[in-house]
Each structure stands twice: as structure tokens, then as C-alpha cells.
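Quick one: this structure, given as C-alpha cells, is what I'll be asking you about.
No hydrogens, no waters, no symmetry mates; every other heavy atom, side chains included, goes into these values. Each chain gets a letter, A, B and so on, in the order its sequence line appears, and its residues count up from 1.
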Protein chains: 2
Amino acid sequence: MNNAKILREFPKGKHKHSACINDAMKTAEATCQERGIRLTAIRRRVLELVWASHEPVKAYDVLDTLRSERDSAAPPTVYRALEFLLDEGLVHKIESLNAYIGCGEPGHTDAGQFLICSDCGDVAELDDPELVKMIAEKASQIGFSIEQQLVEVTGFCAQCAPAS
Amino acid sequence: MNNAKILREFPKGKHKHSACINDAMKTAEATCQERGIRLTAIRRRVLELVWASHEPVKAYDVLDTLRSERDSAAPPTVYRALEFLLDEGLVHKIESLNAYIGCGEPGHTDAGQFLICSDCGDVAELDDPELVKMIAEKASQIGFSIEQQLVEVTGFCAQCAPAS
DNA sequence: AAGCGTAATGTTATAATATAACATCTTTTC
DNA sequence: GAAAAGATGTTATATTATAACATTACGCTT
């Protein structure tokens, strides 16, 4: 049995990233519409910049780009936008890298499983209920009740796997 | 079945923390002896300070204390000691808090499962092979080979669980 | 459309976390 | 005891993130 969803894949050979970004932006627009919240110009642009690659993006890299486009950009500009996007589940923070990645399926802000390739730097995201459940059970065995789960795994993606 | 080891417990009612630190220091001494590496005065003191509570400790808090004891203490003093201790598995870094906790059973630097209580701030550490295995399997299903696993769970420990 | 309240952004400053680079001192080894 | 390796001292700076307050834009009510 495996009912895991892959929320974000490692890019394949013929990956057209522009389409990937495009999808993400469409989804974000729709999500914000539904929720009655505002995807302002700054927030939209920060989201685009986070989606610019499959690698996690640093806040100050976003800021550098933003500065070249908008005189008033400053750290709070970026961190506020990121906070909004994190709250809405449109991006996630990779804690072990202090960097941010886009999320293709907004909503779940309380659990995420990230696979980080040490070679190419790309990140995949899973949503595996079986794993979430096991973690919750293990915790509950010692009387711990979970609010949020974070799983960050480092290693090699299929393309970068060391020749064996 | 549950063969999980609890590497670090939430302190119980009658918890004598001085004994707890003492054990940890003894283990650290022995471990370094065995491995032929040097637990210098600075490293020993930093380890003690990290063990000072069951809550994760910030590098600059360690530094503040160290400064009051040793004129030459500076950020590199602490970060170098922490790096050594991390490499040897004597402490772990909680990535989601940028803070450090002692580890009672040195050795495994490639997997850790941490339970972080949002109320009291204390952290427990598990070593659950079943969970490690499941994560490895999930990853391998998409061709990902794991080098390191990080699980950080936030919620409420038994003592702090909200009255239900 | 004017006015009001809220939300978002602008702006300046600073806090918190971490590392680089090179000098000096200590320990181990031969 | 000299050389090599390891640890610490020292100064400077990089990186990541937030505080605090001013101003502007938006969305709603009348």
C-alpha cells in the first residue's frame, strides 16, 4: 500500500519549468480568490521568485532581485511576503537550509516531508499519510500530542544517485 | 511491535537534573576516550552548558555564560566547540529552533527524531528504527537514497497536554 | 464619492545567528 | 626538542531575521 502524494517532484529530463511556475501561480491566484485574501503584486512576485527553481531559495536572494525592480524593497518587504505565503501554505521553509520552496498544493501547513538532494540541490515534497500517522502514533505512545510535523531528508535524487 | 529507544526523555516529576548532566558528562568522557579524541576544557564546558536544561540552548546564550568565565570567549569559541560536539554526536541541533541539545547516547549523527513541547520548551529524542525504515522506504520508492534524516515534531508533552 | 477602519507597504535601525581569515599557542609524534 | 597537527585567540564580517513607527492603499459604509 502506498497512498503517498508527491506534492512536488524532482524535475524530469524534459521539464519545462516555465509551465511549472505558471501552474503554481494559477493555483495561488485561485486559492487566494477562494479564501478572500489578497495576493498583492509584491506577494505574487516573491512567490514567482521562490518558484524560480526547484532548489530552495534564500530570502536575501529574493531581496536582491526585488531590489533591482523596486526601489523600496527591504528585508521586511521579503519577510512579510514570505510570512503571508507560509501562512497560506503557498511556500514552505526548509529549516535545515533556511530557505524557501514553493508548494504546488496549498493547504497543509502542519506537515511536510521534504527530500533534499545534496548534489543538485533540488527538493521534492511528499504528503504521505501513512508516515504522518506513524509519527503521530510514536509520539502518542509517550503521551506527546502533535501539532506540527517536520521531516527533512538529505541524500541523492534518482538522477544524482552515485553510480553503484 | 515497538523497538523505539528513547534517547532523551521529558523530565519527570522528581527529575534530578544534576544527575542527568553528570551522566551525560561521564558518557562524553568515555566516548572521547574510546575514540581517541580530545574533550578539551572548552568543549567540556560548552557541553555542560548545553546540558544545563532540557530545553534547547542557543549558541549565544552559551557564549554569554562562557564570556563571564573566560575573557577570550568569542563566537568562534562556541561554534567550534558545537561543531566538534555535533560531529561526535554529543549534541544535536534543532534546526527549527536554531538551538542545541545534548544527546545521551552519542553515535547516530544521521538520524534523529525530536519532540518539541511548545509549552514548556523541553525536547525529547527518540531513535525509532521502524520510523527510520519507513522514511527510507518512502524515499527509495521515488529513487531517492537517504544520507540523513531529520524529524522535528512540535506539540505538547504529557505534562503540558492541554486539558481535554 | 467622502470618510473610516483595516491591511499592506515604506523606512530606518538593529537583533540574532554564523563564518572567514589569519595569528598564536598547545599537544602529540618522531 | 623540533616539526606537524590540532586547538584556541582575535578581529572582522557575512547571513538571516525582526522591531518599531510612518505612510499609503484598499474595501466598506453611508
Next item on the list: Quickly work out the B:Glu83 CD to D:dG6 P distance and round it to whole Å.
Entry: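 Atom-to-atom, B:Glu83 to D:dG6, this comes out as 14 Å.
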*Please step through side-chain contact (heavy atoms from CB on, under 4.5 Å) for the pair A:Cys157 and A:Asp122, ending with a clear verdict.*
CA-CA 8 Å; A:Cys157 73; A:Asp122 285 348; 5.9 Å; no
- [ ] Round to the nearest Å and state the distance from A:Ile94 atom CD1 to D:dT16 atom C1'.
- [x]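 In whole Å, D:dT16 C1' lies 16 Å from A:Ile94 CD1.
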With side-chain contact (heavy atoms from CB on, under 4.5 Å) as the criterion, how do A:Arg43 and A:Arg38 come out once you've worked through the C-alpha distance, each side chain's angles and the decisive distance to 0.1 Å? CA-CA 9 Å; A:Arg43 292 166 177 175; A:Arg38 290 158 62 193; 4.2 Å; yes
Review item, nucleotides 21-30 of chain C N/O atoms under 3.5 Å of protein N/O:
| from | atom 1 | to | atom 2 | distance (Å) |
| --- | --- | --- | --- | --- |
| C:dA21 | N6 | B:Arg80 | NH2 | 3.2 |

| field | Positions of residues 64-73 of chain B (non-hydrogen atom under 4.0 Å from DNA chain D), listed by number | value |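 Here the set is B:Arg70, B:Ser72.
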Self-check item: ILVMFWY cluster membership beyond B:Val46 - transitive side-chain contacts under 4.5 angstrom
Solution: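 Same cluster as B:Val46: B:Ile21, B:Met25, B:Ile37, B:Leu39, B:Ile42, B:Leu47, B:Leu49, B:Val50, B:Trp51, B:Val57, B:Tyr60, B:Val62, B:Leu63, B:Leu66, B:Val78, B:Tyr79, B:Leu82, B:Phe84, B:Leu85, B:Leu86, B:Leu90, B:Val91, B:Tyr100.
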Report yes if the side chains of A:Cys117 and A:Gln159 come closer than 4.5 Å at any heavy-atom pair, otherwise no.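 A side-chain contact is absent here, since even the closest heavy-atom pair is not under 4.5 Å.
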Would you call A:Glu152 and B:Gln148 a side-chain contact if the rule is heavy atoms closer than 4.5 Å?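 No, every pair of side-chain atoms sits at 4.5 Å or beyond.
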Item to check | Residues which pass side chain to side chain donor-acceptor pair (under 3.5 Å) with B:Glu29, listed by chain and number, not counting sequence neighbours | outcome: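 Scan of B:Glu29 (side chain to side chain donor-acceptor pair (under 3.5 Å), adjacent residues dropped) gives B:Arg44.
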Problem set entry | Side-chain cluster (under 4.5 Å, hydrophobic types only) that B:Phe156 belongs to, other residues |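 None, because no other hydrophobic side chain comes under 4.5 Å of this residue.
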**Message:** By nearest heavy atom, map B:Arg43 and B:Ala74 onto DNA chain D; which one lands nearer the 5' end?
**Reply:**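 Mapping each residue to its closest nucleotide by heavy atoms, the 5'-most match is B:Arg43.
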Q | Partners passing side chain to side chain donor-acceptor pair (under 3.5 Å) against A:Arg45 (at least two apart in sequence or in another chain) | A |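 Scan of A:Arg45 (side chain to side chain donor-acceptor pair (under 3.5 Å), adjacent residues dropped) gives A:Glu48, A:Glu69.
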Quiz prompt | Protein-nucleotide distance (A:Gln33, atom CD; D:dG27, atom P), rounded to Å | solution =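 Going from CD in A:Gln33 over to P in D:dG27 covers 12 Å.
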In whole Å, I'd like the distance from the CD1 atom of B:Ile42 to the P atom of D:dT8.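 The distance from CD1 of B:Ile42 to P of D:dT8 comes to 4 Å, rounded to the nearest Å.
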- Query: Transitive ILVMFWY cluster of A:Val132 at side-chain heavy atoms under 4.5 Å: who else is in it?
  - Reply: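 Members besides A:Val132: none; it forms no cluster.
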_Spatial distance of atom CD (A:Glu55) from atom CG (A:Asp61) [nearest 0.5 Å]_ =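 With rounding to 0.5 Å, CD (A:Glu55) is 10.5 Å from CG (A:Asp61).
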Mind calculating the distance between CD (B:Glu95) and P (D:dA17) to the nearest angstrom?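 These atoms are roughly 12 Å apart.
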- Inter-axis angle, terminal five-pair segments of the helix from C:dA1-D:dT30 to C:dC30-D:dG1 [nearest 10°]: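 The angle separating the two end axes equals 30°.
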Under 3.5 Å, N/O pairs linking protein and nucleotides 16-18 of chain C:
| from | atom 1 | to | atom 2 | distance (Å) |
| --- | --- | --- | --- | --- |
| C:dT17 | OP1 | B:Lys58 | NZ | 2.7 |
| C:dA18 | OP1 | B:Lys93 | NZ | 2.6 |
| C:dA18 | OP2 | B:Tyr79 | OH | 3.0 |
| C:dA18 | OP2 | B:Tyr100 | OH | 3.3 |
| C:dA18 | N7 | B:Tyr60 | OH | 2.6 |
| C:dA18 | N6 | B:Tyr60 | OH | 3.3 |

Once you round it to whole Å, what is the distance between P of D:dA17 and CG of A:Leu63?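 In whole Å, D:dA17 P and A:Leu63 CG are 12 Å from each other.
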Q) In whole angstroms, how far is the P atom of D:dA7 from the CD1 atom of B:Ile37? A)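 Distance, rounded to whole Å: 9 Å.
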- Item | Contacts of type side chain to side chain donor-acceptor pair (under 3.5 Å), residue B:Lys26, not counting sequence neighbours |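 Partners of B:Lys26 by the side chain to side chain donor-acceptor pair (under 3.5 Å) criterion, ordered by chain and then number, come out as B:Asn22.
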query: Expressed in angstrom and rounded to an integer, what is the separation of B:Leu39 atom CG from D:dA7 atom P?
result: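 Rounded to whole Å, this separation is 11 Å.
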_ILVMFWY clustering at 4.5 Å (side-chain atoms), partners of A:Leu126_ =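 Members other than A:Leu126 - counting any ILVMFWY side chain reachable under 4.5 Å - are A:Ile6, A:Phe10, A:Leu115, A:Leu131, A:Met134, A:Ile135, A:Ile142, A:Phe144, A:Ile146, A:Val151, A:Val153, B:Ile6, B:Phe10, B:Leu115, B:Leu126, B:Leu131, B:Met134, B:Ile135, B:Ile142, B:Phe144, B:Ile146, B:Val151, B:Val153.
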Can you list every pair that meets salt bridge (Lys or Arg N to Asp or Glu O under 4.0 Å) and has a residue in residues 86-101 of chain A, with sequence neighbours left out?
->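 Qualifying pairs, neighbours excluded: A:Arg35-A:Glu88, A:Lys93-A:Glu95.
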Review point. Yes or no on salt bridge (Lys or Arg N to Asp or Glu O under 4.0 Å) for A:Arg8 and A:Glu105, after CA distance, side-chain angles and deciding distance?
Key: CA-CA 9 Å; A:Arg8 179 194 178 99; A:Glu105 303 198 15; over 6 Å; no
